[in-house]
Amino acid sequence: MTWDPAGNIYVADAVTNAMSFHASALWYLGRPDAAIEGLARAVERADAIGQPYTRVALAQNGGILAAELGDADAVRRRADWARKSAGQP
């Protein structure tokens, strides 16, 4: 949770965060295919919610998982997705 100078609170969706951490747990348990599938479901949920803070938090977690999976292209996609979600060019 963060606050901006105007006092607004930004909270990432707890379910989406849990889904991304679950995907990481699946990777650590030796289930990379299930981890990729779980992360994809979390991304779908984040897109459906459309909340920028949720998308950026998921991009961070997803980027870490992509790096653990050795998928450099996915890391770049997550970084681009986070940047665009945050309103950056």
- request: Mind checking side chain to side chain donor-acceptor pair (under 3.5 Å) for Asp80 and listing every partner two or more places apart, or none if nothing turns up?
  value: Arg83
query: Taking only residues two or more places apart in sequence, or in another chain, which ones meet Arg45 in a side-chain contact (heavy atoms from CB on, under 4.5 Å)?
result: Asp13, Val15, Thr16, Met19, Ile49
message: Test: salt bridge (Lys or Arg N to Asp or Glu O under 4.0 Å). Region: residues 47-59. Which pairs qualify, not counting sequence neighbours?
response: Asp47-Arg55
query: To the nearest 0.5 Å, how far apart are CG in Leu26 and CD1 in Ile36?
result: 11.0 Å
message: So which atom in Ala46 and which in Thr54 form the shortest heavy-atom distance, rounded to 0.1 Å?
response: CB-CG2, 4.2 Å
statement: Note: Ala35 and Ala23 closest approach over all heavy atoms is CB-O, 3.1 Å
query: With ILVMFWY side chains joined below 4.5 Å, transitively, what does Ile64's cluster contain besides itself?
result: none
- request: Taking the side chain as every heavy atom from C-beta outward, state whether Leu58 and Leu39 have any pair of such atoms under 4.5 Å apart.
  value: yes
field: Residues forming a side chain to side chain donor-acceptor pair (under 3.5 Å) with Glu37, sequence neighbours excluded
entry: Arg41
message: Applying a strict under-4.5 Å side-chain criterion to I, L, V, M, F, W and Y, I'd like to know whether Val43 and Val56 cluster together.
response: no
- line: Residues Pro52 and Ser85: closest non-hydrogen pair is CB-O, 3.3 Å
message: Show every side chain to side chain donor-acceptor pair (under 3.5 Å) that has at least one partner inside residues 22-35, sequence neighbours left out.
response: Tyr28-Glu68
task: Show your reasoning for whether side-chain contact (heavy atoms from CB on, under 4.5 Å) applies to Arg77 and Asp71.
output: CA-CA 10 Å; Arg77 286 193 308 273; Asp71 189 344; 4.2 Å; yes
Exercise: identify the closest heavy-atom pair between Gly63 and Val75: O-CG2, 3.6 Å
